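First comes the structure, then the notes that go with it.
By convention in this document, chain letters (A, B, ...) are assigned in the order of the sequence lines, proteins followed by strands, and residues within each chain are numbered from 1. All figures in this text were calculated on a predicted structure; none of them were measured in a lab.
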Amino acid sequence: MKIATWNINSVRLRIDLVKRFLTTIGDIDVLCLQEIKCRDDQFPAKALKAAGYIHQAVSGQKGYHGVAIVSRLPLRDVERRAFAGKDEARHIAATLPGGLRVHNFYVPAGGDEPDPKVNEKFAHKLAFMRDMSAWAKSACDAGARTVLVGDLNIAPREHDVWSHRQLLDVVSHTTAEVALMDKAIAAGKWTDVARQVIPEPEKVYTWWSYRAHDWRASNRGRRLDHVWVSPSLKNAALSGGRAHFVVHTECRGWDRPSDHVPVTLKLAS
DNA sequence: ATGGTGGGTACCCCA
């Protein structure tokens with residue numbers, strides 16, 4: 001079972017990149033998308049069906065946000081949840097055959113000013129993370145086989161950013177956000193698969209700003225996209241010591257790319 | 001210290 005997650009930054013504009021990714025990487029059963037930036041009826045359902053992803057769960061909205069799960073395997077019990085009291089399309093969940101539940105999140109970016117008193121967007125991001133903790137505590141029972149993926153817009157560890165020192169006051173790497181992400185991980189007893197497979201101090205990035213002359217040369221990246229698994233899947237990404245978690249950095253170098261790259265998780269099944 | 005680019009949308013929001 002191979003699952004991918006990708007903040008596509010407009011699925012209509014980049015549907016050809018999605019198809020290229022699915023064919024190039026191959027073997028992907030489930031693709032979770034964030035920032036589809038379209039309404040449900042504008043989602044490129046036909047193109048993805050033609051590519052074999054005939055099972056689709058979409059939570060779109062006009063212009064902003066929006067998440068979707070497309071799959072070669074049937075999806076059931078589709079759920080769209082509102083967090084932090086805002087009815088925005090930032091979460092969708094579905095269950096795969098065999099009972100594997102997939103939660104796809106797009107956490108608010110949080111604006112520029114890292115002060116919840118003056119920046120409502122940052123306050124919203126912190127509230128969203130608190131709500132995510134409360135949800136994880138109640139929704140994630142110990143025996144469930146659950147995967148949580150998405151653009152969580154937080155790079156928690158020192159080596160998840162190009163410069164820990166220079167980003168300490170930059171939204172995405174502040175101590176307030178990281179503390180809340182750690183709480184959410186603890187609340188759901190999640191395993192952060194990227195860091196299980198690629199321990200620090202190795203750098204891991206999934207996002208590079210558009211505002212760089214040469215993203216590869218400057219390499220000022222951040223790990224904003226995450227894959228968490230529930231306790232019963234703790235070792236599912238490791239089989240015989242071999243890692244099955246991959247960051248597809250090459251996609252950032254494609255023509256008209258998203259600023260995020262896809263990551264894949266292969267679960268032993 | 002600053003500003004850089006790229007989406008959707010409708011003359012400006014957001015990342």
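Distance, A/His65 NE2 to B/dG8 C1': 12 Å, rounded to whole Å. Remark: P of B/dG6 and CD of A/Glu35 are 15 Å apart, rounded to the nearest angstrom. In this structure, A/His260 atom NE2 and B/dG6 atom C1' are separated by 12 Å, rounded to whole Å. Note: OH (A/Tyr64) to P (B/dG8) measures 12 Å, nearest angstrom. Atom CD of A/Glu120 and atom C1' of B/dC14 are 13 Å apart (whole Å). Remark: P of B/dG7 and CG of A/Asn9 are 6 Å apart, rounded to the nearest angstrom. Whole-Å rounding puts the A/Trp208 CH2 to B/dG7 P distance at 18 Å. Atom NE2 of A/His213 and atom P of B/dT5 are 7 Å apart (whole Å).
Taking the six-membered ring for Trp, A/Trp228 and A/Phe105 have ring centres at least 6.0 Å apart.
A/Asp87 has no carboxylate O lying under 4.0 Å from a charged side-chain N of A/Arg80, or vice versa, which leaves the two without a salt bridge. Of the charged side-chain nitrogens involved, at least one lies within less than 4.0 Å of a carboxylate oxygen, so that A/Arg223 and A/Asp192 count as a salt-bridged pair.
Across all strands shown, A/Arg14 has heavy atoms under 4.0 Å from sugar-phosphate atoms exclusively, and none from any base.
Defined by atom type and a distance below 3.5 Å, a donor-acceptor pair is missing between the side-chain atoms of A/Ser172 and A/Glu177. Between A/Thr95 and A/Arg101, the side chains place a donor N or O and an acceptor N or O closer than 3.5 Å (distance only, hydrogens not considered). Side-chain contact, A/Asn7 with A/Glu35: a donor N or O sits under 3.5 Å from an acceptor N or O. For the residue pair A/Thr146 / A/His103, no side-chain donor-acceptor distance below 3.5 Å is found, with atom types taken as modelled.
Comparing A/Val11 and A/Asp259 by the nucleotide of DNA chain B whose heavy atom lies nearest to each, the residue mapping closer to the 5' end is A/Val11. When the nearest nucleotides of DNA chain B are assigned to A/Tyr210 and A/Gln42 by heavy-atom distance, the more 5′-ward of the two goes with A/Tyr210.
In plain terms, the two heavy atoms of A/Phe122 and A/Asp115 that are nearest each other are CD2-N, 3.7 Å.
Comparing the C1' positions of B/dT9 and B/dA15 gives a spacing of 15 Å, expressed to the nearest Å. Between B/dA10 and B/dC14, the two P atoms lie 14 Å apart (nearest whole Å).
In the set B/dG6, B/dT9, B/dG7, B/dG7 carries the atom at the smallest distance from any side-chain atom of A/Ser10.
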For nucleotides 10-12 of chain B, list the nitrogen or oxygen atoms of the protein found under 3.5 Å from its nitrogen or oxygen atoms, one pair per line.
residue	atom	partner	partner atom	Å
B/dA10	OP1	A/Lys62	NZ	3.4

Provide a list of protein-nucleic acid N or O atom pairs under 3.5 angstrom, restricted to nucleotides 1-3 of chain B.
none

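Judged by distance alone, the side chain of A/Asn104 and the main-chain N or O of A/Gly150 form no donor-acceptor pair under 3.5 Å.
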